[in-house]
There are 2 protein chains.
Amino acid sequence: MSRPTPNARDRILTAANKLFYSEGIRAVSLDNIAEKAGITKKTVYYHFKSKDDLVEAYLVSRDQPNLTLYRKWFSEADGGLPDKVAAIFFQIAVSARHPKWKGCGFLRTAAELANMPGHPAMKVGAAHKKKFETWLTEEFQAVDLEQPEALARHIVLLLDGAFSTILVHRDADYAEAAGNAASALVLGAMQKGPVAGKPSVKSMG
Amino acid sequence: MSRPTPNARDRILTAANKLFYSEGIRAVSLDNIAEKAGITKKTVYYHFKSKDDLVEAYLVSRDQPNLTLYRKWFSEADGGLPDKVAAIFFQIAVSARHPKWKGCGFLRTAAELANMPGHPAMKVGAAHKKKFETWLTEEFQAVDLEQPEALARHIVLLLDGAFSTILVHRDADYAEAAGNAASALVLGAMQKGPVAGKPSVKSMG
DNA sequence: GCAAGTATACTCACCAGTGAATATACATCA
DNA sequence: TGATGTATATTCACTGGTGAGTATACTTGC
């Protein structure tokens, strides 16, 4: 009911996405965003009640697209479970080699707003990361791995570690190292805990 | 020769440390720092040529202390190599439960300054992380593990992943999960690649 | 005419950095 | 020994600019 407005709100969000991601939260003003969106700051305040509100909307807008991408990389990868997990890391390496890549927007926002734990954007970020972890857990449960939660958590740690170290060193090779570690951990879990009957293949693209 | 000045410079650096770490880089002004140090902003500019310069000095001042701490945690831990590596993670979990803990200052600064890859502080951060990785590599080489560089990199990824995820979720348990993953990887490397004669123990407290 | 949406023009606070002056310490020379 | 010079260290008061957020008025479709 009553689309809030077709055009301006989307343009604001698009501009916010680009600027917040590429420059950071506090480095970007609403004047910058309004200018990039081709409208006035007052219009931004018509659609979003504050900058914090817009920051939250920025992360909300990235939540599903990012998760969808991870799932796609996983499900379209060839090979067994370790390869599918590794595929996520290898695709991140590919992304990270683009010059405009600046790490994970959720992680960077969390780092920048670390002094405001109650900030709405922090909650969105935590929920996003939790969804990813839960999805991985379910994938591991689906093939009857032992301790799927622990394994999923290890993968998550490697993934966020990859985001961070790539950003620090500007070296996408860290993602491949993380992918290797991840597939080793998955393989280890499969050797002791999995269906144990079937060799490895279960899901295929 | 000619100590630059005993008191003021140190007070500035101490104030910068606390404020930059707890609030973030762009969230803190030189007015804030000057006030906390009990001096005038102009005095800050006498000792540091710009805010960027002070940010760099902030990270430089954390470099050795942090590395020393990691080495201490490692060397003072009981048990074999996997336990010593895990000890670093467990100590981070302890630190992270302090209310003032706000993640890794190097990582958070890198995240905030991701749009300025040439910033001097970014170089300091990258060098710091590289030193840690190199040290770990040397520890693994010292006990003749195979592929010590790859293993060290995996540990680094887990460590920085722990810093990031703990900050996002405000849950220090992630450090323990990372420690478990790390010791599993070390153990795996020891089983296939180490001295291979001796069972496992080589370094002991 | 009215309500949603947009714009102009503004407030007030803050920020990085500076100009000019001052205080302190230690030289050097008469 | 005292006068003068010079580098170090510090302050007060300021500038030009930007930031978040707002008061008010215009526009346009229903």
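In the text below, chain A, chain B and the rest are named by the order of the sequence lines, each starting its count at 1.
Proximity of the aromatic rings of B/Tyr70 and B/Trp135 is defined here by a centroid distance below 6.0 angstrom, and this criterion is not met.
No cation-pi contact links B/Arg9 to B/Tyr46, judged by a cut-off of 6.0 Å to the six-membered ring centre and 45° from its axis.
Closest to the A/Ala8 side chain, of the nucleotides C/dT6, D/dT10, D/dA20, is C/dT6.
When the shell of 6.0 Å around NZ of B/Lys130 is examined, it contains more than 12 heavy atoms from other residues, nucleotides or ligands.
One can place CZ of A/Arg26 at 17 Å from C1' of C/dA16, the figure rounded to the nearest angstrom. Note: CD1 (B/Ile25) to P (C/dC15) measures 14 Å, nearest angstrom. In this structure, B/Asp31 places its CG atom 13 Å from P of D/dT11, rounding to the nearest Å. In this structure, the CD1 atom of B/Ile33 is 15 Å from the C1' atom of C/dC14, given to the nearest Å. Rounded to a whole Å, the CG atom of B/Asn7 is 8 Å from the P atom of D/dT10. Atom pair A/Tyr45:OH and C/dC10:P shows a separation of 19 Å (rounding to whole Å applied). Separating the CZ atom of A/Phe48 from the C1' atom of C/dG5 is a distance of 14 Å, rounded to the nearest angstrom. Rounded to whole Å, atom P of C/dA9 lies 14 Å from atom NZ of A/Lys41.
Here A/Ser29 reaches the OP1 or OP2 of D/dG19: one of its side-chain N or O atoms lies under 4.0 Å away. An OP1 or OP2 oxygen of D/dT10 is reached within less than 4.0 angstrom by a side-chain nitrogen or oxygen of B/His47. Phosphate contact (OP1/OP2 of C/dT6, side-chain N/O of A/Thr43, threshold under 4.0 Å): absent. At the phosphate of D/dT10, neither OP1 nor OP2 sits under 4.0 Å from any side-chain N or O atom of B/Tyr46.
With respect to the salt-bridge test (charged N to carboxylate O, under 4.0 angstrom), the residues A/Glu138 and A/Arg71 do not qualify.
Summary of helix geometry: the two end axes of the helix from C/dG1-D/dC30 to C/dA30-D/dT1, each defined by five base pairs via their C1' atoms, are inclined to each other by 20° (rounded to 10°).
Comparing A/Asp52 and B/Ile39 by the nucleotide of DNA chain D whose heavy atom lies nearest to each, the residue mapping closer to the 5' end is B/Ile39.
Looking at heavy-atom distances under 4.0 Å, B/Thr40 makes contact with a base. Nucleic acid contact class of A/Val44 (heavy atoms, under 4.0 Å, all strands): none. Contacts of B/Asn32 with the nucleic acid, taken as non-hydrogen atoms under 4.0 Å apart, involve only primed sugar atoms and P, OP1 or OP2.
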side-chain contact (heavy atoms from CB on, under 4.5 Å) assessment of B/Leu158 paired with B/Leu185: CA-CA 11 Å; B/Leu158 286 166; B/Leu185 288 171; 3.9 Å; yes

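Ring orientation note: the planes of B/Phe20 and B/Tyr58 are tilted relative to one another, at an angle of 30° to 60°.
Residue A/Lys51 places no side-chain atom within donor-acceptor reach of the base of D/dG19, judged by atom type and a 3.5 Å distance cut-off alone.
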Atom pairs, N/O to N/O, protein against nucleotides 20-22 of chain C, distance under 3.5 Å?
none

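Side-chain contact annotation: B/Asn32 with B/Ser29, donor-acceptor N/O pair under 3.5 Å present.
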